[in-house]
Amino acid sequence: MIEISLNDIKKSYGFKKILDGFNLEVKTGDKISLIGENGCGKTTILNIINKIETIDSGTLAIRNGATIGYLTQQPETIYSNKKVKDIIYDSLKDIDEVKNTLDKYEEKMNNNPGNMDIINKYLKIQEKYMSIGGYEVDTLVDKVTHGLNIDHLLDKEFKLLSGGEQKRVVLASIFICKPSILLLDEPTNHLDINTIEWLEDYLNKYSGTILVVSHDRYFLDIVTNKTVLVENGKSIVFHGNYSKYLEENEARIEREFKEYKDQQKMIAAMKRKIKQLEEWGKLAYPGGEPFFRRAESIRKRLEKIEVKDKPIVKKDLPLNLEFDKRSGKDALVIHDYSVSIEDNLLIDNIDLTINYGDKICIIGNNGCGKTTFIKRIIDNNSNNIKLGTNVKLGYIEQQISFDKDETILSFAKNYYIGEESHLRSALSKFGFYGENVFKKVNSLSGGEKVRLKLFALIQDKCNFIILDEPTNHLDIFTKENLEEALNDYKGTLLFISHDRYFINKLANKILYISNKHITEYVGNYDYFIEHKKEN
């Protein structure tokens with residue numbers, strides 16, 4: 001059964017064309033991911049389906065009786081003045097109304113025993129109550145609020161919660177409604193790994209239809225069974241999860257390049273033939289009419305050819321993470337050191353040696369002290385923390401900040417050695433073109449800020465890089481570009497991440513913070529999960 005049909009959808013914002021003949025058919029039980037570069041129209045598609053935005057042309061059809069639950073990227077704008085419990089129980093209003101009617105008919109039956117008209121009406125209402133999950137609602141509320149770890153937040157005001165807590169509350173309110181269609185825009189943002197794993201399990205067992213926008217490739221591999229690439233305002237559908245898409249998309253690009261090149265050769269040959277025939281016709285004057293007729297016949301065939309677009313190949317950022325001099329074997333040694341904020345002990349009795357060339361990921365629940373720990377390494381104010389010989393540190397923080405008066409160009413000049421014309425050329429390769437280099441850095445998007453920091457990091461030529469959630473705000477294609485650069489990097493890497501796909505690609509060691517202690521695992525994220533269960 002078709003749940004959603006988008007046919008030849010066109011949508012522009014001013015002169016900027018976002019969707020240009022977008023087509024998508026979503027069937028019952030589909031679990032679809034929408035992927036593509038930032039700004040390609042993924043969120044716009046969700047907004048169109050939820051009728052938040054209108055379309056310029058085309059048709060949208062949604063199955064009669066279908067119900068939609070929509071998680072936006074910024075849920076706080078919807079629920080800012082409510083308490084958590086009000087948000088949760090507001091989603092149960094329909095069930096409450098049926099329950100109140102059911103209670104009234106129970107009272108009528110007690111007052112009119114044996115009245116079959118009342119009994120039959122009661123049974124019909126009871127059947128409806130059962131069909132909408134009324135008898136399981138308390139169990140469902142407990143399951144969802146506990147699974148998303150918000151059962152202790154019910155009496156708090158929504159606007160006072162952290163980003164991750166807000167995301168979990170809105171997810172709970174949606175899940176409790178049990179809509180037939182889920183629209184999820186970046187559902188894993190701000191969530192720790194434990195919550196993401198619970199979410200994956202819940203969505204895998206979900207009987208409805210799911211359309212999700214996410215940059216979390218590990219999540220997409222586990223949850224989705226179809227991948228839709230949004231490119232040039234159109235859809236390219238792949239049957240399978242993200243990893244399957246990677247395989248098939250590479251083959252598609254190779255195939256389309258061959259078809260494009262073959263067609264271009266054919267078009268060039270036809271143009272040459274037309275020119276040749278016309279020249280022969282001129283030479284044969286006045287008897288050259290057959291040559292001109294043949295040339296015109298080929299020209300008409302040429303005009304009817306539907307010229308293929310040249311396949312898009314993503315331009316990689318030039319992330320050449322090189323350095324002049326390597327550090328000593330022990331890049332960092334920490335002995336008998338504890339991390340505290342005032343009287344709050346976060347991590348106790350750290351003994352750790354990081355060797356040159358290690359690529360280590362720090363993981364743990366939100367609030368366990370990961371960011372505080374790496375800031376202490378950066379500050380290096382303790383005799384118990386010792387950097388190795390010739391270590392040159394580079395650091396990109398999670399919450400990137402700049403001097404408020406800086407422009408992109410003035411910031412970049414602090415790091416780049418060379419003429420301004422060369423600097424501006426280098427910045428253009430990071431997506432900062434023309435007059436854009438005069439934009440204030442604090443007006444940049446999250447992804448642009450990360451790209452600018454990466455540009456500065458490359459200029460510094462550091463042999464020990466520390467990154468705090470580096471993939472936040474990056475689209476999938478830029479993440480893959482960064483992964484490739486860090487895989488080629490010969491220095492030492494220490495990073496915090498909730499991106500399990502990213503961790504698997506890079507880490508050769510995991511530092512797991514739990515119960516105020518660090519446990520080291522020699523391997524990537526999958527190795528950590530396998531062996532963590534044994535402990």
Side-chain angles (χ1 to χ4, degrees), residues 4-26 32-62 70 72-74 77 183 185-186 211-215 228-237 249 253 256 260 264 303 305-317 407-409 411-412 421 424-452 455 473-479 481:
I4 304 167
S5 177
L6 296 131
N7 184 42
D8 197 26
I9 300 294
K10 295 185 179 181
K11 176 69 177 178
S12 298
Y13 298 108
F15 294 106
K16 187 176 182 181
K17 193 177 292 182
I18 301 297
L19 301 177
D20 186 20
F22 183 86
N23 296 293
L24 180 61
E25 192 174 85
V26 181
I32 298 175
S33 66
L34 292 174
I35 65 170
E37 291 185 323
N38 287 347
C40 71
K42 301 184 295 294
T43 295
T44 299
I45 292 164
L46 298 187
N47 285 339
I48 287 171
I49 293 170
N50 205 45
K51 299 182 180 177
I52 294 172
E53 295 193 39
T54 58
I55 56 178
D56 298 335
S57 64
T59 57
L60 164 68
I62 299 172
Y70 184 19
T72 63
Q73 282 195 47
Q74 297 176 316
T77 57
L183 305 179
D185 197 351
E186 296 294 354
L211 196 58
V212 59
V213 172
S214 178
H215 292 151
V228 176
L229 174 63
V230 184
E231 189 173 87
N232 283 341
K234 295 180 172 59
S235 62
I236 305 171
V237 178
N249 191 49
I253 291 173
E256 289 184 357
Y260 171 78
Q264 288 296 306
E303 289 171 355
I305 292 174
E306 187 176 339
V307 179
K308 296 179 183 294
D309 293 328
K310 186 176 182 180
I312 296 173
V313 178
K314 303 294 182 293
K315 290 185 178 180
D316 290 344
L317 298 179
T407 64
I408 294 170
L409 185 61
F411 172 81
S421 60
R424 293 186 66 168
S425 175
L427 284 171
S428 71
K429 294 173 183 176
F430 281 75
F432 304 113
Y433 304 97
E435 297 302 304
N436 282 338
V437 299
F438 299 109
K439 285 174 64 176
K440 297 287 187 181
V441 285
N442 282 327
S443 70
L444 300 179
S445 69
E448 288 172 328
K449 287 180 179 179
V450 174
R451 293 205 308 272
L452 187 55
F455 174 85
H473 311 296
L474 297 181
D475 62 35
I476 286 177
F477 308 110
T478 308
K479 284 183 185 183
N481 194 183

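In this chain, numbering begins with 1 at the start of the sequence shown.
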Going by heavy atoms in the side chains, are V228 and L211 under 4.5 Å from each other? no
dist D56:CG -> I48:CD1 (nearest 0.5 Å) comes out at 8.5 Å
Given side chains that start at C-beta, do those of Y13 and T44 come closer than 4.5 Å, heavy atoms only? yes
Please confirm whether the backbone N or O of V441 pairs with a side-chain atom of K449, one donor and one acceptor, at under 3.5 Å? no
Assess the residue pair K10 and L19 against the criterion (side-chain contact (heavy atoms from CB on, under 4.5 Å)); give the C-alpha distance rounded to whole Å, side-chain angles, the decisive distance to 0.1 Å, and a yes or no. CA-CA 5 Å; K10 295 185 179 181; L19 301 177; 5.8 Å; no
Distance col, row R451:CZ vs S445:OG, nearest 0.5 angstrom, shows 6.5 Å
Under 3.5 Å donor-acceptor, K42 side chain and G36 backbone: yes
Checking side-chain contact (heavy atoms from CB on, under 4.5 Å) between L6 and each of V26, I62, I49, which is the one that passes? I49
Check the pair E25, N7 against side-chain contact (heavy atoms from CB on, under 4.5 Å), reporting the backbone distance first and the verdict last. CA-CA 8 Å; E25 192 174 85; N7 184 42; over 6 Å; no
Residues, nucleotides or ligands: over 12 heavy atoms within 6.0 Å of K17 NZ: no
Nearest heavy-atom contact between K11 and T54 is NZ-O, 3.0 Å
If you round to the nearest 0.5 Å, how far is CD of E435 from CG of L409? 10.5 Å
Do V212 and I32 make a side-chain contact, defined as non-hydrogen atoms from C-beta onward lying under 4.5 Å apart? no
Got a donor-acceptor contact below 3.5 angstrom from the K234 side chain to the N23 backbone? no
Between CZ of F432 and CD1 of I408, what distance do you get to the nearest 0.5 Å? 5.0 Å
Quick check on side-chain contact (heavy atoms from CB on, under 4.5 Å): which of L34, T72, L46 does D185 satisfy it with? L46
Any non-hydrogen side-chain atom of F455 less than 4.5 Å from a side-chain atom of K429? no
When rounded to the nearest 0.5 Å, the distance separating CD1 of I9 from CD1 of I18 is 14.0 Å
About how many Å separate CG of D8 and CZ of F22, when rounded to the nearest 0.5 Å? 11.5 Å
Is the shortest heavy-atom distance from the side chain of L474 to the side chain of H215 under 4.5 Å? no
Is the backbone N or O of E53 less than 3.5 Å from a side-chain atom of N47, with the two atoms forming a donor-acceptor pair by type? no
